[in-house]
Amino acid sequence: MPISISKILSSKIKGTTFLCTVLIVLLHAYEESLLSESNHCSFFVAKFLSMGICGAAVPFFFMVSGFLLACQYDGGVPYSQLVKKRLISLGKPYVYWCILYTLAYLLFAILGNYLAGRALTENTWLAMPHPWMEIFRIFGFDLAGFPADGPLWYV
């Protein structure tokens with residue numbers, strides 16, 4: 001039985017999680033090419049927010065995840081069951097989104113080829129000698145690259 005967390009601690013975690021979610025969005029909203037070093041104030045504020053404060057959000061999520069995992073483990077839940085639960089809760093959406101992204105990308109590529117009067121498989125992985133090998137890249141098993149939908153790599 002997992003250790004129960006008090007309502008006060010739970011609400012603190014929820015509030016801080018919301019704040020860190022906003023910080024993650026700000027972290028990714030930073031665009032250095034849009035900043036002008038002629039306006040030093042905005043340049044330093046953007047750097048401080050994106051590279052400073054917002055950088056604390058990812059380690060926070062890592063620590064909270066470890067804390068909650070440890071609470072369940074200390075409550076007597078077997079470690080293998082905890083890992084299996086995490087793999088399912090993270091793996092299913094990862095696989096679904098990789099497939100959805102690939103199908104949407106392929107559909108638009110085929111549509112673009114059709115409208116341009118090219119062969120339907122031109123400029124797609126279907127035209128490769130071994131298209132089934134592309135499955136490794138789509139799901140992120142290509143150690144030299146990322147999955148087809150890059151942001152999902154962070155899952």
Side-chain angles (χ1 to χ4, degrees), residues 1-34 46-115 120-155:
M1 159 140 326
I3 296 174
S4 64
I5 298 174
S6 69
K7 290 194 181 282
I8 294 171
L9 179 58
S10 178
S11 64
K12 287 179 182 179
I13 290 174
K14 285 179 186 176
T16 311
T17 299
F18 176 76
L19 174 66
C20 286
T21 303
V22 172
L23 291 177
I24 292 288
V25 172
L26 289 174
L27 175 72
H28 288 90
Y30 173 75
E31 180 57 49
E32 192 168 339
S33 65
L34 296 176
K47 281 276 195 186
F48 177 71
L49 283 176
S50 185
M51 304 301 204
I53 294 175
C54 294
V58 174
F60 170 78
F61 284 118
F62 184 76
M63 288 187 297
V64 167
S65 177
F67 171 74
L68 295 175
L69 185 71
C71 283
Q72 288 184 328
Y73 182 72
D74 288 345
V77 179
Y79 186 72
S80 60
Q81 186 178 350
L82 292 173
V83 170
K84 181 180 175 184
K85 183 180 173 184
R86 294 302 185 282
L87 286 175
I88 290 171
S89 69
L90 292 173
K92 277 185 181 179
Y94 180 79
V95 168
Y96 292 152
W97 279 110
C98 283
I99 291 171
L100 183 66
Y101 173 84
T102 302
L103 291 176
Y105 180 83
L106 195 58
L107 177 70
F108 283 111
I110 291 171
L111 179 64
N113 287 335
Y114 174 75
L115 294 174
L120 295 181
T121 60
E122 190 173 327
N123 300 324
T124 67
W125 54 270
L126 295 174
M128 296 176 70
H130 304 289
W132 55 271
M133 292 288 286
E134 195 66 13
I135 298 294
F136 288 105
R137 189 185 71 77
I138 290 169
F139 292 108
F141 298 120
D142 178 10
L143 297 179
F146 294 99
D149 189 13
L152 288 177
W153 183 80
Y154 296 102
V155 169

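Here, residue 1 is the first one in the sequence, and each next residue gets the next number.
- Between Cys54 and Leu26, the closest heavy-atom pair is SG-CB, 3.6 Å.
- A donor-acceptor contact shorter than 3.5 Å is absent between the side chain of Ser65 and the backbone of Phe61.
- Remark: Cys71 SG to Leu82 CG distance equals 11.0 Å, nearest 0.5 Å.
- At least one side-chain heavy atom of Phe67 sits under 4.5 Å from a side-chain heavy atom of Ile13.
- Summarising the geometry of Leu23 relative to Ala57, their closest heavy-atom pair is CB-CB, 3.9 Å, with the distance given to 0.1 Å.
- Listed by first then second residue, pairs satisfying side chain to side chain donor-acceptor pair (under 3.5 Å) with a partner in residues 76-89 read Gln72-Arg86, not counting sequence neighbours.
- Taking a 6.0 Å sphere around CZ of Phe60, one finds it holds more than 12 heavy atoms contributed by other residues, nucleotides or ligands.
- The side-chain contact (heavy atoms from CB on, under 4.5 Å) test applied to Leu111 returns Leu115, not counting sequence neighbours.
- The two residues Leu120 and Asn113 come nearest to each other via the heavy atoms O-ND2, 3.0 Å.
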